[in-house]
Peer 1: 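Quick one: the structure is below, questions incoming.
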Amino acid sequence: MANYGMEEPRKRNVRAEMNITPMVDIVFTLLIIFMVAAPLIEQGVDLDLPQTETVPIESPKDKFIVRVFSGKKETDNQIFIDKTEVPIKDLEVKLKTNALLQEKKEIYLHASRDLSYGYIVRIMAIMKKAGVNNINLVTEPLEKE
């Protein structure tokens, strides 16, 4: 076959590659945003703690915390271990089966000031029965006048 002045078409080698650099930049940017924002997104429930003159304790991040909220009646009181509500009849079993608590044997008890003394003593008796050696009652510092 004669090639009369025309060049033979060249075969192109086409490689389809995806440039992932912008995607990696976006992922790292999101990672930094979430790392900065995570400490600010701490959720909690307002608790009206009694106020006393005490020495502040260190951060309760690694502490075993039980929170008790008062209801309209004593049967409406709520007990929370972390963010899970626990009925008072199941409290002893939950405390006995918690590995962190059985290792540390220490509880920080946040109790609303509206609760009766008898109810708090009942909760503390259940904690002692579950094998807790050290119960710390958490309060708010007194407001300076």
Side-chain angles (χ1 to χ4, degrees), residues 6-145:
M6 296 182 69
E7 289 186 22
E8 194 173 303
R10 294 184 190 165
K11 291 185 179 179
R12 286 190 175 174
N13 225 355
V14 178
R15 293 189 331 186
E17 291 182 2
M18 185 175 176
N19 187 359
I20 64 166
T21 305
M23 187 171 30
V24 171
D25 290 344
I26 290 171
V27 169
F28 281 131
T29 303
L30 289 173
L31 178 67
I32 290 170
I33 289 170
F34 285 120
M35 286 173 54
V36 170
L40 303 176
I41 306 174
E42 190 169 315
Q43 295 181 353
V45 185
D46 289 335
L47 187 61
D48 189 18
L49 295 173
Q51 297 179 344
T52 59
E53 291 184 25
T54 59
V55 178
I57 59 172
E58 66 275 1
S59 175
K61 295 287 182 200
D62 60 339
K63 309 290 186 217
F64 190 86
I65 299 173
V66 174
R67 291 179 174 88
V68 185
F69 300 94
S70 62
K72 294 185 187 223
K73 298 182 288 185
E74 191 169 294
T75 56
D76 295 338
N77 294 344
Q78 297 174 307
I79 302 169
F80 286 88
I81 295 175
D82 195 22
K83 294 179 183 175
T84 308
E85 185 173 2
V86 178
I88 192 165
K89 62 181 173 60
D90 298 336
L91 182 61
E92 183 180 353
V93 173
K94 293 286 186 184
L95 296 176
K96 280 184 178 178
T97 58
N98 188 291
L100 174 67
L101 180 60
Q102 292 306 316
E103 175 189 327
K104 293 194 174 198
K105 302 280 189 198
E106 181 178 44
I107 286 183
Y108 285 80
L109 178 61
H110 293 244
S112 180
R113 79 171 74 195
D114 302 335
L115 291 166
S116 70
Y117 176 77
Y119 190 78
I120 297 301
V121 170
R122 182 176 170 197
I123 299 274
M124 292 173 67
I126 291 171
M127 291 175 176
K128 284 287 189 186
K129 194 173 175 186
V132 178
N133 297 333
N134 193 358
I135 301 171
N136 300 290
L137 299 174
V138 180
T139 61
E140 290 289 328
L142 272 176
E143 293 178 6
K144 303 286 184 200
E145 295 181 17

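Quick caveat, the model's predicted, so the values are computed rather than measured. Below, each value reflects all heavy atoms present in this structure, side chains not excepted, and no hydrogens, waters or symmetry copies.
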Peer 1: What verdict does the side chain to side chain contact (heavy atoms under 4.5 Å, CB included) test give for Met124 and Leu137, after you've listed the backbone C-alpha separation in whole Å, the side-chain angles of each residue and the deciding distance to 0.1 Å?
Peer 2: CA-CA 10 Å; Met124 292 173 67; Leu137 299 174; 4.2 Å; yes
Peer 1: To the nearest 0.5 angstrom, please state how far the CZ atom of Arg122 sits from the CG atom of Leu91.
Peer 2: 10.0 Å
Peer 1: Taking atom CZ of Phe69 and atom CG of Asp114, what is their separation to the nearest 0.5 Å?
Peer 2: 12.0 Å
Peer 1: More than 12 heavy atoms of other residues, nucleotides or ligands under 6.0 Å from CD1 of Ile20: yes or no?
Peer 2: no
Peer 1: Does some side-chain heavy atom of Thr84 sit less than 4.5 Å from a side-chain heavy atom of Lys94?
Peer 2: no
Peer 1: When rounded to the nearest 0.5 angstrom, what is the spacing between NZ in Lys83 and CZ in Arg67?
Peer 2: 9.0 Å
Peer 1: Over all heavy atoms of both residues, which pair between Met127 and Ile135 is shortest? Give the atoms and the distance, please.
Peer 2: CB-CD1, 3.7 Å
Peer 1: Counting only heavy atoms not in Lys129, do more than 12 sit closer than 6.0 Å to its NZ atom?
Peer 2: no
Peer 1: Could you tell me whether a side-chain N or O of Ser116 sits under 3.5 Å from a main-chain N or O of Tyr119, the two making a donor and an acceptor?
Peer 2: yes
Peer 1: Before you tell me yes or no, could you show the steps for Asn134 and Asn136 under side chain to side chain contact (heavy atoms under 4.5 Å, CB included), namely the whole-Å CA-CA distance, both residues' side-chain angles and the distance that decides it to 0.1 Å?
Peer 2: CA-CA 6 Å; Asn134 193 358; Asn136 300 290; 3.5 Å; yes
Peer 1: So which of Ile26, Ile33, Ile32 actually passes side chain to side chain contact (heavy atoms under 4.5 Å, CB included) with Thr29?
Peer 2: Ile33
Peer 1: Heavy-atom distance under 4.5 Å between the side chains of Leu95 and Ile81, does that happen here?
Peer 2: yes
Peer 1: Look up atom CD1 in Ile79 and atom CD1 in Ile123, then write down how far apart they are to the nearest 0.5 Å.
Peer 2: 3.5 Å
